[in-house]
Amino acid sequence: MKMRKALPIAAVLPALLAISACSGESADSGDKKPKASAKSTPGATGADAKAAAEAERIGAMAPQNLEKATLTGTKNGFEAKKVAKADVEAGRDLKADKAECQPVASLAGGFTHIPAVSVQHRSLDPVEAKNATVGSMWLASHSESNAKKVMTDLRSSLKECPGGFKTLGLTYKAVEPVKAPALGDESLGYRITNVVGKQSVTMTYTVIRENGVVAVFYGVNMLTPQKSAIPETLVKAQLELLG
């Protein structure tokens, strides 16, 4: 049977696939000269203008450029679609019951534990019925120093939080590192099991840093959990758009 009909992910894992929108504020800091990609968005107002100005100040990729550099449409067997704002907001404040697990918990909610200047989210649905892997991806724009810290903290969290954590009444267990593709400036991968009622759902995360952008790819395969990672070909396609 088709996985898309057998596993309505948004309904089964509301907290996991709830993902955050652009942050109105950023914890990034730095005195690096702005990059060409960090120029303010012409005509932007309100929160968008604030995010664009902050990106220019710290040398991060500007919101408009991040959106242009995020996959949309059909590519390498998957269809990437923008996620509804309501679903995006639902995961903004996902908190773990253990401080050392927070970097992992934040990614479960769809954002980095260090607030980004801007974030772009896409759901990933397989084009072919025989492909049982579904998931999502998001790109978070930081200063390069903060992007590096996101990766460092995440590595520490994976070591210190092997037993998992609880959040919003959900249980996440069996956190374990897995091999990630050697892409970008640095990369890491891990697998985690989410308990929904009496059902256990295994998820695979691939996290890549490219300069100041942290790209997160999340996959679920209920038929073959060990094959739940988003394919490397799609990850490469996304990184190519970042330039």
Side-chain angles (χ1 to χ4, degrees), residues 13 16-20 23 27-28 60-61 66 69-71 78 80 83 88 91-92 94 96 100-124 133-162 164-165 172 174-194 202-221 225-242:
L13 301 175
L16 186 64
L17 290 187
I19 46 187
S20 68
S23 173
D28 284 316
M61 180 174 283
L66 184 68
T70 305
L71 278 174
F78 284 84
V83 181
V88 162
R92 183 182 291 275
L94 203 65
E100 63 270 24
C101 300
Q102 189 56 51
V104 178
S106 291
L107 288 192
F111 63 101
T112 51
H113 67 290
I114 298 175
V117 172
S118 61
V119 187
Q120 285 289 323
H121 301 88
R122 301 290 184 269
S123 62
L124 298 174
T133 298
V134 296
S136 61
M137 57 170 275
W138 51 96
L139 305 185
S141 175
H142 293 272
S143 66
E144 188 166 352
S145 61
N146 263 26
K148 289 179 179 179
K149 181 169 175 52
V150 166
M151 300 297 285
T152 298
D153 290 352
L154 184 56
R155 286 193 178 89
S156 296
S157 187
L158 292 175
K159 292 180 180 179
E160 298 171 3
C161 188
F165 56 93
Y172 294 79
V175 183
E176 59 175 333
V178 297
K179 184 177 181 180
L183 299 171
D185 294 316
E186 54 182 318
S187 63
L188 61 85
Y190 64 94
R191 191 167 290 133
I192 186 171
T193 298
N194 177 230
T202 299
M203 307 147 288
T204 300
Y205 285 81
T206 301
V207 187
I208 311 286
R209 180 183 69 81
E210 181 72 20
N211 297 315
V213 175
V214 177
V216 183
F217 302 83
Y218 152 88
V220 169
N221 188 317
Q226 301 303 312
K227 295 182 179 180
S228 57
I230 297 301
E232 184 174 333
T233 54
L234 189 67
V235 176
K236 285 183 177 179
Q238 173 56 74
L239 294 181
E240 288 172 0
L241 284 179
L242 288 174

Asks: As an exercise, state the distance from CG of L158 to SG of C101, rounded to the nearest 0.5 Å.
Replies: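 Reported to 0.5 Å precision, the distance equals 9.5 Å.
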Asks: Please find the pair of heavy atoms, one from A60 and one from V117, that lie closest to each other, and give the distance.
Replies: CB-CG2, 4.2 Å
Asks: Looking at every non-hydrogen atom in both residues, tell me the closest pair between L66 and S118 and how far apart they are.
Replies: CD2-OG, 3.4 Å
Asks: About how many Å separate CG of L188 and CG of L154, when rounded to the nearest 0.5 Å?
Replies: 5.0 Å
Asks: Any chance you could lay out the side chain to side chain contact (heavy atoms under 4.5 Å, CB included) test for M137 and I230, step after step, and finish with the verdict?
Replies: CA-CA 9 Å; M137 57 170 275; I230 297 301; over 6 Å; no
Asks: Can you tell me how far OH of Y190 sits from SG of C161, rounded to the nearest 0.5 angstrom?
Replies: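 Atom-to-atom, C161:SG and Y190:OH are 10.0 Å apart.
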Asks: Which heavy atom in N211 sits nearest to a heavy atom in D185, and how many Å separate them?
Replies: N-OD2, 2.6 Å
Asks: Would a distance-only check, ignoring hydrogens and angles, find a side-chain to backbone donor-acceptor pair under 3.5 Å from T202 to Q226?
Replies: no
Asks: Please round to the nearest 0.5 Å and tell me the distance separating atom CG of L183 and atom CD of E210.
Replies: 9.0 Å
Asks: Is the Y205 ring parallel, tilted or perpendicular to the W138 ring (thresholds 30°, 60°)?
Replies: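 Rings of Y205 and W138: perpendicular, over 60°.
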Asks: Who are the side-chain contact (heavy atoms from CB on, under 4.5 Å) partners of S228, not counting sequence neighbours?
Replies: R191, T204, N221
Asks: What closest approach, in Å, do P162 and E160 show between heavy atoms, and which atom pair accounts for it?
Replies: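 So the minimum-distance heavy-atom pair works out to CD-C, 3.2 Å.
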Asks: Determine whether I114 and D153 satisfy the following criterion, side chain to side chain contact (heavy atoms under 4.5 Å, CB included), listing intermediate values before the conclusion.
Replies: CA-CA 10 Å; I114 298 175; D153 290 352; 4.3 Å; yes
Asks: Which heavy-atom pair separates T133 from A229 by the least distance, and what is that distance?
Replies: CG2-O, 4.2 Å
Asks: Minimum heavy-atom separation for G91 to F111, with atom names?
Replies: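 Smallest interatomic distance, heavy atoms only, reads O-CE2, 2.7 Å.
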Asks: With sequence neighbours excluded, tell me which residues meet side-chain hydrogen bond (donor to acceptor under 3.5 Å, both in side chains) with K148.
Replies: none
Asks: Using the side chain to side chain contact (heavy atoms under 4.5 Å, CB included) rule, take I192 and Y218 through it: C-alpha gap first, then chi angles, then the decisive distance, then the call.
Replies: CA-CA 11 Å; I192 186 171; Y218 152 88; over 6 Å; no
Asks: What residues form a side-chain hydrogen bond (donor to acceptor under 3.5 Å, both in side chains) with T70, not counting sequence neighbours?
Replies: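 With neighbours one apart ignored, the set is empty.
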Asks: Under the side-chain hydrogen bond (donor to acceptor under 3.5 Å, both in side chains) rule, collect the residues that match up with E186, sequence neighbours excluded.
Replies: R155, R209
Asks: Between T193 and A174 (side chain of the first, backbone of the second, donor and acceptor by atom type, cut-off under 3.5 Å), is there such a pair?
Replies: no
Asks: Taking A96's backbone N and O only, do any of them form a donor-acceptor pair with Q102's side chain (distance below 3.5 Å, no angle check)?
Replies: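 At least one qualifying donor-acceptor pair exists.
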Asks: Under a 3.5 Å distance rule, please check whether S141 uses its side chain to pair with a backbone N or O of M61 as donor and acceptor.
Replies: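 The answer is yes, because a donor-acceptor pair under 3.5 Å joins these two groups.
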Asks: Side chain to side chain contact (heavy atoms under 4.5 Å, CB included) between L242 and L139: does it pass, once the steps are laid out?
Replies: CA-CA 10 Å; L242 288 174; L139 305 185; 4.2 Å; yes
Asks: For K236, enumerate each residue passing the salt bridge (Lys or Arg N to Asp or Glu O under 4.0 Å) test, keeping only those at least two apart in sequence or located in another chain.
Replies: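 Salt bridge (Lys or Arg N to Asp or Glu O under 4.0 Å) check on K236 returns E232.
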Asks: What residues, two or more places apart in sequence or in another chain, satisfy side-chain contact (heavy atoms from CB on, under 4.5 Å) together with A80?
Replies: L71, R122, L124
